[in-house]
**Student:** 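For reference, the structure I am asking about is given below.
Indexing begins at 1, ligand by ligand and atom by atom, following the structure's order. All values reported here derive from a predicted model rather than from experimental measurement. Only this structure's heavy atoms are used, side chains among them; waters, hydrogens and symmetry mates stay out. Along the sequence shown, residues carry numbers from 1.
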Amino acid sequence: MITGTHVSYYQVCKRKLWLFVNGIAMEHTSDLVYEGKLIHETSYPQRPERYEELEIDGCKIDFYDARNKIVHEIKKSDKMETAHEWQLKYYIYVLERNGIKGVTGILEYPVLRKTSCIELTDEDRLKIGEMEKEIQELIEAEGCPSGITDKICKNCSYYDFCYVGE
Ligand code: SF4
């Protein structure tokens, strides 16, 4: 089952996606994940009452406003904004696939006081279809894809794994 995390990692780095699906799980030790959790807890203390947490087709959506049909995705830094946007679009796509139409999204960076509205277009639907195929191929691939060399690597939980010996 492809989830929003797969889609996000696919956008960030194919190697990261491959390591993740092959059970090389270091994410739980990542400070960023911890900080992300903290943002959820401290920035929006009222949220759990107002919005639902939804699990659908393996995707865990933290803040769903069912009345207004809006998925809220909250992130700390906008450095990987494209990946965040696709993750959110994927949630909308999955809801649509399950018969919940007319959903939109709001991507929120409370620390930066920045929000963006996200909509799923026909072009996005086609792209997600292609992405799902490529993600499935990557999941089944035997070899670990090459990594990227980017400043985002420093904040990746696989940094030690990829840069060991350098
Ligand atoms: S450290 Fe860089 S190359 Fe390695 S998985 Fe993370 S993003 Fe990819």
Side-chain angles (χ1 to χ4, degrees), residues 1-44 53-63 71-94 105-121 123-166:
M1 193 73 80
I2 295 170
T3 69
T5 305
H6 292 113
V7 170
S8 172
Y9 286 3
Y10 173 83
Q11 288 292 327
V12 171
C13 168
K14 314 271 183 295
R15 182 178 172 90
K16 181 170 173 133
L17 171 62
W18 189 92
L19 290 168
F20 172 70
V21 296
N22 281 279
I24 302 164
M26 300 165 96
E27 202 67 85
H28 63 282
T29 58
S30 160
D31 286 344
L32 284 181
V33 169
Y34 174 70
E35 280 178 39
K37 290 214 170 93
L38 222 58
I39 287 179
H40 281 208
E41 281 157 22
T42 55
S43 304
Y44 295 100
E53 189 179 281
L54 206 66
E55 279 212 54
I56 189 161
D57 287 358
C59 292
K60 196 167 148 296
I61 299 171
D62 289 326
F63 299 115
V71 177
H72 294 256
E73 184 63 27
I74 299 149
K75 302 285 189 194
K76 182 183 174 221
S77 145
D78 62 357
K79 276 189 201 132
M80 288 184 273
E81 193 166 359
T82 304
H84 299 156
E85 281 175 11
W86 280 110
Q87 182 180 359
L88 189 40
K89 283 180 181 181
Y90 191 65
Y91 291 153
I92 299 171
Y93 180 84
V94 168
I106 301 183
L107 183 56
E108 306 183 25
Y109 298 99
V111 177
L112 307 171
R113 299 182 189 282
K114 172 177 163 183
T115 58
S116 348
C117 295
I118 304 292
E119 286 183 13
L120 189 71
T121 64
E123 201 184 323
D124 295 333
R125 289 180 186 93
L126 288 176
K127 265 195 192 158
I128 289 177
E130 286 162 20
M131 229 185 271
E132 280 187 319
K133 266 189 233 147
E134 285 170 31
I135 290 173
Q136 198 55 48
E137 280 167 17
L138 269 164
I139 288 174
E140 287 161 16
E142 295 210 346
C144 178
S146 340
I148 53 171
T149 306
D150 193 282
K151 52 183 185 306
I152 64 155
C153 290
K154 268 196 262 164
N155 289 325
C156 175
S157 53
Y158 296 112
Y159 182 80
D160 288 345
F161 189 90
C162 292
Y163 289 87
V164 70
E166 286 194 6

**Student:** Any idea which atoms of ligand 1 are less than 4.0 Å away from a heavy-atom of K16?
**Tutor:** 5 (S)
**Student:** With a 6.0 Å cut-off (strictly less than), is the heavy-atom count around NZ of K79, excluding the residue itself, greater than 12?
**Tutor:** no
**Student:** To check your reading of the model: name the closest protein heavy atom to atom 4 (Fe) of ligand 1, its residue, and the distance in Å.
**Tutor:**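 Sorting protein heavy atoms by distance from atom 4 (Fe) of ligand 1 puts C162 SG, 2.3 Å first.
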**Student:** Please list, in number order, the atoms of ligand 1 under 4.0 Å from a heavy atom of G147.
**Tutor:**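 Result: 3 (S).
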**Student:** Under a 3.5 Å threshold, yes or no: a donor from one side chain and an acceptor from the other, between E132 and Q136?
**Tutor:**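 No, no side-chain donor-acceptor contact under 3.5 Å.
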**Student:** Report the nearest protein non-hydrogen atom to atom 2 (Fe) of ligand 1: residue, atom name, distance rounded to 0.1 Å.
**Tutor:**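 Nearest neighbour among protein heavy atoms for atom 2 (Fe) of ligand 1, to 0.1 Å: C153 SG, 2.4 Å.
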**Student:** Examine distances only and state if a side-chain atom of Y163 and a backbone atom of C153 form a donor-acceptor pair shorter than 3.5 Å.
**Tutor:** no
**Student:** Around atom 8 (Fe) of ligand 1, find the nearest protein heavy atom and jot down its residue, atom name and distance.
**Tutor:** C13 SG, 2.4 Å
**Student:** Taking N, O or S atoms only and a limit of 2.8 Å, check whether C156 reaches atom 2 (Fe) of ligand 1.
**Tutor:**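 No.
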**Student:** Do the side chain of D124 and the main chain of L120 share a donor and acceptor less than 3.5 angstrom apart?
**Tutor:**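 Side chain of D124 to backbone of L120, a donor-acceptor pair under 3.5 Å: no, none is there.
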**Student:** So, W86 side chain and Y10 main chain: donor-acceptor pair closer than 3.5 Å or not?
**Tutor:** no
